[in-house]
Asks: 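Can you keep this structure in mind? I'll have questions shortly.
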There are 2 protein chains.
Amino acid sequence: MGVTLKDVAERAGVSTSAVSRAFTEGASVSSKTRAKVERAADALGYSPNALASSLTTGRTKLIGLVSNNFHNPLFLEVFDRFTRGLQDRGLRPLLVNLSDETDPVHSVRMMRQYSVDGAIIASSTLPPSFAEAYRAAGIPVVHSFGRYTTAPQVHVVGIDNVACGRMAGEALITRGYKRVAFMGGPENATSTQDRALGFLGALHEHPEIEVSVSYASAYSFDAGRSEMTDLLKRTPAEAYFCGDDVLSIGALSAAQEAGLSVPDDIGIIGLNDMQMARWQNINLTTIRQPVAEIIGASIDLVIGTVEEPGRHPETRLFPCRVVERGTLRPRP
Amino acid sequence: MGVTLKDVAERAGVSTSAVSRAFTEGASVSSKTRAKVERAADALGYSPNALASSLTTGRTKLIGLVSNNFHNPLFLEVFDRFTRGLQDRGLRPLLVNLSDETDPVHSVRMMRQYSVDGAIIASSTLPPSFAEAYRAAGIPVVHSFGRYTTAPQVHVVGIDNVACGRMAGEALITRGYKRVAFMGGPENATSTQDRALGFLGALHEHPEIEVSVSYASAYSFDAGRSEMTDLLKRTPAEAYFCGDDVLSIGALSAAQEAGLSVPDDIGIIGLNDMQMARWQNINLTTIRQPVAEIIGASIDLVIGTVEEPGRHPETRLFPCRVVERGTLRPRP
DNA sequence: ATACATTTTGCAACCGGTTGCAAAAAAGGC
DNA sequence: GCCTTTTTTGCAACCGGTTGCAAAATGTAT
C-alpha cells in the first residue's frame with residue numbers, strides 16, 4: 001500500500017539519498033536525476049512521509065490548536081480562519097478540545113507526543129498560566145484572544161479589554177444615557193474584570209451618570225436572558241454594556257419579552273460582532289473584535305517563535321471599533 | 001530538550017527494548033523492571049514519541065477531520081463533539097478546512113503524508129465521490145452528514161433527507177395549511193434535492209393543497225432573507241419548509257420586517273435545530289438532526305474500518321423529529 | 001592531454017522508537 | 001538438587017526518511 005522512498009529509488013535507478021534530495025528544496029541534485037525521480041514518483045504515486053522525515057529534521061509542521069471555546073459562535077469563524085491561515089503556510093492544525101480541563105498537563109504531554117512545532121491557545125477564558133506551561137515545556141506558544149498582562153511570559157495576541165470597556169462606556173455617555181450598567185460574564189474570568197475596569201474608568205469621569213454592575217453566570221444566551229429578567233424586576237438601567245454578544249442577545253430577548261422597546265426604552269451594546277449580530281432581526285450594536293488580524297498575528301508569532309525559540313514574549317493588542325446598529329439610540 | 005527512550009534506558013539500567021515494553025500495554029515485562037523504568041521516566045519527564053512509534057506500528061492515532069462547513073453554526077457543535085469523541089478514544093483530530101476546494105486530491109495527499117489512520121468527511125454538501133477518493137487511496141473513511149445513495153462505495157452516516165422532507169410536509173399538512181412551499185438551498189446540493197423530493201412526495205397525496213418550490217442562492221441568512229423578500233412580493237404561501245435553520249431565520253426576518261405575524265400570517269419550519277433556534281427571540285419550529293448520534297456512529301465506523309479495512313460500506317441514517325416551537329401554528 | 005575546482009552522487013550512520021528471536025533468568029515438578 | 005517449562009531480557013534489524021562525508025563525475029583552465 002505505502003509507496004516508500006526505496007521503491008522510487010529502485011524504479012528510478014538511483015540511491016535513496018538522490019530521491020530524498022529531489023524532494024528537498026535547494027538540495028544538490030542534477031536536473032537529469034531529478035527528472036528521473038519525478039517520473040518514477042509519479043508513476044508510483046509516491047508522496048513522502050512527513051512524520052518519518054520529521055524524525056531527522058525535527059519539524060513536523062504540526063501546530064496544536066487548543067481551545068475551550070466550543071460554544072461561542074465567534075469561534076466557528078476563529079477555527080475557520082486559523083485552519084485556513086495555517087494551511088496557507090503549509091502547516092497542519094492538530095485540534096485539541098479542552099472542554100472543562102483547566103490543567104495544561106495533559107495537553108502539553110500530547111503536544112510532545114506528537115512533536116508539534118508550536119501551539120496556539122485560542123481561548124478568551126484560560127488564565128495566562130496555561131500558555132506558560134507550554135512555554136515551560138519548551139513548546140513555542142501564543143495565547144490568542146488572551147488578555148494583557150504586565151511582564152508576560154508568553155506571546156499574547158488579542159484586544160485591549162480595558163480599552164473596550166472604556167469604549168463601551170464612552171459610547172453610552174455620548175448617547176446621553178444617564179443610568180448605565182455593565183453586565184459581565186462570570187466574574188472570575190480575567191477578560192470580564194478588565195472590561196468592567198475600563199467601563200467603570202470611563203464612567204468615573206462622569207459622576208452625574210449612575211453606574212451599576214452585575215454578572216451573568218455564564219457567557220450564554222440563557223444566562224444573559226435570566227440576568228436581564230432579574231434586573232428588570234428592580235430598577236433597570238437605561239443602557240447596558242454586555243460582555244459578549246451572546247449574552248447581549250439573551251438580554252435583548254428578555255427586554256423584548258418584557259414589552260420594552262429597544263433602543264427607546266433600553267439600550268444594549270455587545271462585544272465581538274459575531275455573525276448573528278448583523279442578522280436584521282437581532283441587529284445588535286456591538287464592538288467588533290478584529291478576528292482576522294488577531295489570527296494572522298497569532299500565526300505569524302508562532303511561526304516566528306518556532307524559527308527563533310529564544311524570542312522575547314510579545315503582547316499584541318488590536319483596536320476594536322463600535323459597529324453601529326439598532327440596539328443603541330443614535331448619537332445626537 | 002527531548003528525552004528519548006535511550007535516556008530512560010540508560011538511567012534505569014536496562015535495554016531500550018525493556019523501556020519500550022514497559023510503555024506497551026500487554027508486553028512481557030517483569031513488574032520489577034517496569035517499576036525501575038517508570039521511576040526513571042518520571043524523573044526525566046519522558047513521554048514516548050507517538051510519531052516515531054507509528055513508523056513501526058503503522059498506527060498514528062491521527063484522524064483527518066475534513067470539512068467545508070465552517071459557516072454553518074451547527075458545525076461548531078459538530079466540531080466540539082467530534083474532537084471530544086475522538087479524544088475520549090485516544091485519537092487526535094487533524095483538522096482540514098476545504099474552503100472552496102472540491103477536488104479531493106490535495107487533502108488525500110496530505111492525509112497520506114501524515115499517515116492518518118482514518119478520515120471523517122464532515123460535510124452536508126460534498127458529493128459522494130469525495131469520500132470515495134479517500135477510499136480509493138486506501139484511507140478508511142466515513143462521510144458524516146452525507147446523504148443516502150444506493151450501493152454506496154463508502155460509509156455514510158447522516159439523516160434520511162427524503163424522510164425529513166416528508167416529515168416537514170406532513171407537519172404542514174397536519175396543521176391545516178392549504179398553500180405550502182419548499183425553500184431549498186442551492187438546487188445542486190444533493191441534500192436539497194432529497195428534501196424537496198420527500199416534501200413533494202408527502203404533498204402528492206394531498207392534491208387539494210397547493211405546493212410551490214424555490215431555491216435560495218446559498219445556505220445563508222442573507223440568501224433566505226432575500227429569497228423570502230422576493231416571494232412576499234408575489235403571492236406567498238401560508239407556510240414554508242426551509243432547507244436549513246439559517247435559511248429559515250433569514251426568511252423569518254424578512255417576514256417580520258414585512259409586517260407579517262408569525263405563525264399567524266405565515267408559518268416556517270426549519271431543519272437542523274441549531275443552538276440559535278431555541279433562542280426565545282427566534283423560537284424556530286424545526287426538525288432536529290440527532291447530531292450526537294451521527295457523530296458517535298461516525299467515529300465508531302471509522303475505528304471499525306481501521307481495524308477491519310475490507311469492511312463493507314454501510315449507510316446509517318438516523319431519524320429526525322419535529323421540535324415544536326413558535327413559528328408554526330399549533331396542531332389542531 | 002593534465003591539473004584543479006565544482007557539482008553530483010552513494011554510503012552509512014542516524015532520528016526515536018518496535019519487535020522477532022534466541023539466550024538468560026525465574027518458576028515449577030520431581 | 002537437577003531438569004523442564006515459562007517468563008523476562010537484550011541484541012540487532014527494521015520502520016521511512018535525512019544528511020555529513022568522501023568518492024565519482026563533470027566542468028574549466030592551461
Side-chain angles (χ1 to χ4, degrees), chain A residues 1-38 40-41 44-62 92 109-117 138, chain B residues 1-38 40-41 44-62 92 109-117 138:
Chain A
M1 243 212 43
V3 183
T4 76
L5 198 62
K6 209 180 286 178
D7 301 328
V8 178
E10 211 159 293
R11 174 147 201 188
V14 296
S15 74
T16 60
S17 332
V19 180
S20 173
R21 287 183 181 117
F23 278 94
T24 319
E25 200 69 24
S28 169
V29 215
S30 69
S31 47
K32 214 196 303 180
T33 55
R34 158 161 281 136
K36 273 197 293 189
V37 168
E38 272 169 3
L44 264 44
Y46 169 75
S47 64
N49 182 329
L51 303 178
S53 75
S54 84
L55 255 251
T56 35
T57 61
R59 290 282 162 87
T60 53
K61 303 204 162 200
L62 247 28
R92 316 284 164 215
R109 175 161 40 221
M110 211 212 91
M111 295 288 116
R112 297 229 307 213
Q113 286 180 338
Y114 283 85
S115 318
V116 296
D117 289 348
Chain B
M1 243 210 42
V3 182
T4 75
L5 198 62
K6 210 179 286 178
D7 301 329
V8 178
E10 212 158 293
R11 173 146 198 180
V14 295
S15 72
T16 59
S17 333
V19 179
S20 173
R21 287 182 180 118
F23 279 94
T24 318
E25 200 69 23
S28 168
V29 215
S30 70
S31 48
K32 213 197 304 180
T33 57
R34 159 162 278 137
K36 274 197 291 187
V37 168
E38 272 169 3
L44 265 42
Y46 170 75
S47 64
N49 182 328
L51 303 177
S53 75
S54 83
L55 226 18
T56 35
T57 60
R59 291 282 161 88
T60 54
K61 304 204 161 198
L62 247 28
R92 315 285 165 213
R109 174 162 39 220
M110 211 212 91
M111 296 287 116
R112 297 229 306 213
Q113 286 180 340
Y114 283 85
S115 319
V116 297
D117 288 349

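Protein chains get the first letters and strands the later ones, always in sequence-line order, with residue 1 at the start of each.
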Asks: So, is Ser20(B) close to the dT18(C) phosphate, meaning a side-chain N or O under 4.0 Å from OP1 or OP2?
Replies: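 Checking dT18(C) against Ser20(B), a side-chain N or O does come within under 4.0 Å of OP1 or OP2.
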
Asks: What is the distance, to the nearest angstrom, from the CZ atom on Arg59(A) to the P atom on dT19(D)?
Replies: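 Spelled out: CZ on Arg59(A) to P on dT19(D) is 12 Å.
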
Asks: Out of dT19(D), dG16(D), dC15(C), which has the shortest distance to the side chain of Thr57(A)?
Replies: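 Closest nucleotide to the Thr57(A) side chain: dT19(D).
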
Asks: Figure out the CG/P separation between Asn49(B) and dG16(D), and round it to whole Å.
Replies: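 About 16 Å, once rounded to whole Å.
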
Asks: Whole Å only: how far is the CZ atom of Arg112(B) from the P atom of dG17(D)?
Replies: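 Taking CZ of Arg112(B) and P of dG17(D), I get 11 Å after rounding.
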
Asks: Got a sec, which pairs hit side chain to side chain donor-acceptor pair (under 3.5 Å) with one end in residues 26-37 of chain A, sequence neighbours left out?
Replies: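 Checked against side chain to side chain donor-acceptor pair (under 3.5 Å) - neighbours excluded - the pairs reaching residues 26-37 of chain A are Ser30(A)-Thr33(A).
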
Asks: Among all residues two or more places apart in sequence or in another chain, which pass the ring pair (Phe, Tyr, Trp, His ring centres under 6.0 Å) test with Tyr114(B)?
Replies: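 Once residues adjacent in sequence are excluded, Tyr114(B) has no partner under the ring pair (Phe, Tyr, Trp, His ring centres under 6.0 Å) criterion.
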
Asks: To the nearest 0.5 Å, tell me how far Ser115(B) OG sits from Asn49(A) CG.
Replies: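 Going from the OG atom of Ser115(B) to the CG atom of Asn49(A) covers 4.0 Å.
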
Asks: How long is the straight-line distance from CG of Leu51(A) back to CG of Leu55(B), given to the nearest 0.5 Å?
Replies: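 Between atom CG of Leu55(B) and atom CG of Leu51(A) there are 8.0 Å.
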
Asks: Report for the helix from dA1(C)-dT30(D) to dC30(C)-dG1(D): angle between first-end and last-end helix axes, five pairs each, rounded to 10 degrees.
Replies: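 The angle, to the nearest 10 degrees, is 30°.
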
Asks: Roughly how many Å is it from CG in Leu55(A) to P in dT18(D), rounded to a whole number?
Replies: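 After rounding, the gap between these two atoms is 10 Å.
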
Asks: In whole Å, what is the span from the CG atom of Asp7(B) to the P atom of dC15(C)?
Replies: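 For the pair Asp7(B) CG and dC15(C) P, the rounded distance is 11 Å.
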
Asks: Applying side chain to side chain contact (heavy atoms under 4.5 Å, CB included), name anything that partners Ala22(B), two or more places apart in sequence or on another chain.
Replies: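 Ala22(B) satisfies side chain to side chain contact (heavy atoms under 4.5 Å, CB included) with Val37(B) once adjacent residues are dropped.
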
Asks: With 3.5 Å as the limit, what N/O pairs link the protein to nucleotides 9-11 of chain C?
Replies:
| unit_1 | atom_1 | unit_2 | atom_2 | d |
| --- | --- | --- | --- | --- |
| dT9(C) | OP1 | Ser30(A) | OG | 2.9 |
| dT9(C) | OP1 | Thr33(A) | OG1 | 3.3 |
| dT9(C) | OP2 | Ser30(A) | N | 3.0 |
| dT9(C) | OP2 | Ser30(A) | OG | 3.4 |
| dT9(C) | OP2 | Thr33(A) | OG1 | 3.0 |
| dG10(C) | OP2 | Ser15(A) | N | 3.1 |
| dG10(C) | OP2 | Ser15(A) | OG | 3.0 |
| dG10(C) | N7 | Arg21(A) | NH1 | 3.2 |
| dG10(C) | O6 | Arg21(A) | NH1 | 3.4 |
| dG10(C) | O6 | Arg21(A) | NH2 | 2.8 |
| dC11(C) | N4 | Ser17(A) | OG | 3.1 |

Asks: Within this structure, what is the NZ-OG distance for the pair Lys61(A) and Ser54(A), rounded to the nearest 0.5 Å?
Replies: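 Those atoms lie 12.0 Å apart.
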
Asks: If you look at every strand shown and take non-hydrogen atoms under 4.0 Å, does Phe23(B) touch a base, only sugar-phosphate, or nothing?
Replies: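 Phe23(B): no heavy atom of the nucleic acid under 4.0 Å.
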
Asks: Roughly, in whole Å, what's the span from CD in Gln113(A) to P in dG16(C)?
Replies: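 The distance from CD of Gln113(A) to P of dG16(C) comes to 15 Å, rounded to the nearest Å.
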
Asks: Just jot down the side chain to side chain contact (heavy atoms under 4.5 Å, CB included) partners of Ala41(A), sequence neighbours excluded, or say none.
Replies: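 By the side chain to side chain contact (heavy atoms under 4.5 Å, CB included) rule, Ala41(A) matches Val8(A), Phe23(A), Tyr46(A).
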
Asks: For the backbone of Thr16(A) and the side chain of Ser20(A), can you confirm whether one donor and one acceptor N or O come within less than 3.5 Å of each other?
Replies: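 No: the side chain of Ser20(A) does not pair with the backbone of Thr16(A).
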
Asks: Grab the two heavy atoms, one from Gln113(A) and one from Pro48(B), that are nearest each other, plus how far apart they are.
Replies: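 Between these two residues, the closest heavy atoms are CG-O, 3.4 Å.
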
Asks: Would you tell me if any nitrogen or oxygen in the side chain of Tyr114(A) comes within less than 4.0 Å of OP1 or OP2 on dG16(C)?
Replies: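 So the side chain of Tyr114(A) is outside the cut-off, no N or O lying under 4.0 Å from OP1 or OP2 of dG16(C).
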
Asks: Whole Å only: how far is the CG atom of Leu5(B) from the P atom of dA12(D)?
Replies: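 Whole-Å distance recorded here is 17 Å.
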
